[in-house]
2 protein chains.
Amino acid sequence: MVTMKDVGREAGVSAMTVSNVLRGNNNVAPQTAERVRAAADKLHYRLNTTSLSARSLRVSTSRNNTQRGTIGLAIFELDRPYPAQLASLISQAAEEHGFQTVVQQTRISESNERSIIERVSNQFCDGLLFSSSRLAADEIEQLSNHRPTVLLDDDRPQQDIDTILTPCEQGAQAAIEYLYHSGRRRIGIVGEDLKNSEFVDNEHDVRHRRMTGCRAACDKLGIRWGDIRIIPTQWTDTAAREAVHEYESTIRDCDALFCMTDTIAFGTIRGLKDIGLDVPNDVAVMGFDGIEMGETMVPSLTTIAVDIKQIADKAVDLLIKRINDQDGHEALPHQRIVADFHIAQRESA
Amino acid sequence: MVTMKDVGREAGVSAMTVSNVLRGNNNVAPQTAERVRAAADKLHYRLNTTSLSARSLRVSTSRNNTQRGTIGLAIFELDRPYPAQLASLISQAAEEHGFQTVVQQTRISESNERSIIERVSNQFCDGLLFSSSRLAADEIEQLSNHRPTVLLDDDRPQQDIDTILTPCEQGAQAAIEYLYHSGRRRIGIVGEDLKNSEFVDNEHDVRHRRMTGCRAACDKLGIRWGDIRIIPTQWTDTAAREAVHEYESTIRDCDALFCMTDTIAFGTIRGLKDIGLDVPNDVAVMGFDGIEMGETMVPSLTTIAVDIKQIADKAVDLLIKRINDQDGHEALPHQRIVADFHIAQRESA
DNA sequence: TTGAAAGCGCTAACAT
DNA sequence: ATGTTAGCGCTTTCAA
């Protein structure tokens, strides 16, 4: 690495003069400055910014105004539409505040999450955004050395921490009611995943919360919960498609299916086509999330369209507030925000 | 800011002992270590990594044994299937080598890319993966302080740098030939984007390379290039759908459409449905990329299925080799690798 | 098992 | 106009 000392030696001046020249201080003789610039150029000198910050921590000079922060986002999957869209929107929201976002994939593994915090977030992020974390809030608190943190869709009752939630109960309830009011009476739910109980470790899980909404709808509408058909599947399109095949007889008994995510709905519609059922004539299909793809697909997807941009914006706003108020002067109480949604009424239901 | 000195004072030891405890060096008495940890916790101590790197620039010894590396991936969009899948696979490949991946979205903006390198990658990444970069290789080289870098899908002829490419020419040629050999004679191409020429600044652009493949196929098959219909559109599903509407008369003149990406094909199929054309009976549709969604959609998408996993694996392998051989002892020549593909023959063509 | 000293690259403050 | 000194928070080295 080429240092200012090296450049100084080449130009026959001290490192200090090099520093002055390179920062445009006008207390250097023009011809000296020219010599220094030539030397820097020749040696391919680059300012080492890390050493800069060591000083600027205390000094907080002009340079600190330009240097903005970094947000770490830990998300369970990068290659599914919902988390991908969320990550993209968060990245943009942060950018508008002058923050850079670094995204990391957890694959819903605790050890991955630990590694992310310890090896990356902890090293250089000013704040953390954790989507569907497996870690308890106090462990995050510990591992992250008390960095500002906002959780996404983690509704476990924990000690003070900010969290932003998708409207699981409300949305699921609205979906069932929508199907019912459009005249459907033999309703099925695709997406409970009892086989995969390792991921369902508490009743505050997204899955459970959506199920709770379904039950609430049934109670309200006077449907016996036992009459609802449940089609279990993992939360991917291919698994959902296979589930439709596997549970064909159950499916054929339904005139409407509520899928716990849009991705599941996507696979479900494909599965229905495979077994010769028409959407929405034979079976109405409804999703949950409101991913962009739902509008383009054939048939277009009626769904609980969560305001994903709102989630991104609020998460970033809140996190940046926490970052700027590290010492808790303002003592904003910890928030629990539930995002808005609307029913995107399209072709599939 | 709380420093090691502060923690040391609290625990009644020197800063050095604090450093040893916090890095897990086992040359500290257990009860002393415990006291130090308690003090650090109490004071909410945070390691200041900026000062770290100043030293480790030169030293890079023990840190590297225990701590594995970090790869920075800069990618143009997070919420489109192809880049999302690529990012996910790269992240997994890196994980298998014990590397953590941090993903950042460039939105194809030069200033974003600069900011990513300067503010993040440069600070703590051992190597960089740049997908469809707008920056010239030598600028990356400069900005990154000569960190190991592998480019993805950037075929500009540049001074020595590794690059991994999608098989644009070969794949596009194969697509046109496939359509021709299945009996289609009125072929259209969806996805040239002449309006958006700011992004087409050189003939080594992915767009141009795919077009080149199409021309090669025409030459080989004896089709006059002028007979090929071109439907311009931006590379998103919604834009493609609108393009179908806008160019309806051109479209109705076609019996086959080659779309420059799967996402475009997705929107195109929707657009065709809108104007009452059946896929594949009225119009065959073929895509390019091989994203997973293509298999599930209705109709399932015949496409040039690029071996995305291969791209991810090779990129990560190569980058890690470069990282481990920083001083160029082995002098592996710079690579230009073109990924494999196959034709995924499905319903749409 | 512990800590003192030196120094990483850079710059503010103070000489010369 | 130029250079010297000191010190940012941390770690390596080496002495106690």
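Owing to the predicted nature of the structure, the values given are computational and were not obtained by experimental measurement.
- What separates CE of A:M16 from P of C:dA12 is a distance of 7 Å, to the nearest Å.
- Between D:dT11 and B:S19, a contact under 4.0 Å exists linking OP1 or OP2 to a side-chain N or O.
- Distance CG/B:D79 to CD/A:Q92: 7.5 Å, rounded to 0.5 Å.
- Computed from coordinates, the B:K5 NZ to C:dA5 C1' distance equals 13 Å when rounded to whole Å.
- If you take CG of B:N27 and P of C:dG3, they are 11 Å apart, rounded to a whole angstrom.
- In this structure, B:L86 and B:I75 approach most closely via the heavy-atom pair CD2-CD1, 4.2 Å.
- Note that the OG atom of B:S131 and the CD1 atom of B:I311 stand 9.0 Å from one another [nearest 0.5 Å].
- Residues B:V316 and B:I71 share a closest heavy-atom pair of CG1-CD1, 4.5 Å.
- Look at CG on A:N20: it is 13 Å from P on C:dA13, rounded to the nearest Å.
- OP1 or OP2 of C:dA4 has not a single side-chain nitrogen or oxygen of B:S14 nearer than 4.0 Å.
- In this model, the phosphate group of D:dG9 is not approached by any side-chain N or O of B:T3 to a distance below 4.0 Å at OP1 or OP2.
- Taking 4.0 angstrom as the limit, B:Y45 places a side-chain polar atom (N or O) nearer than this to OP1 or OP2 of D:dC10.
- Computed from coordinates, the B:M4 CE to D:dC8 C1' distance equals 14 Å when rounded to whole Å.
- Rounded to whole Å, atom C1' of C:dC10 lies 13 Å from atom CG of A:D6.
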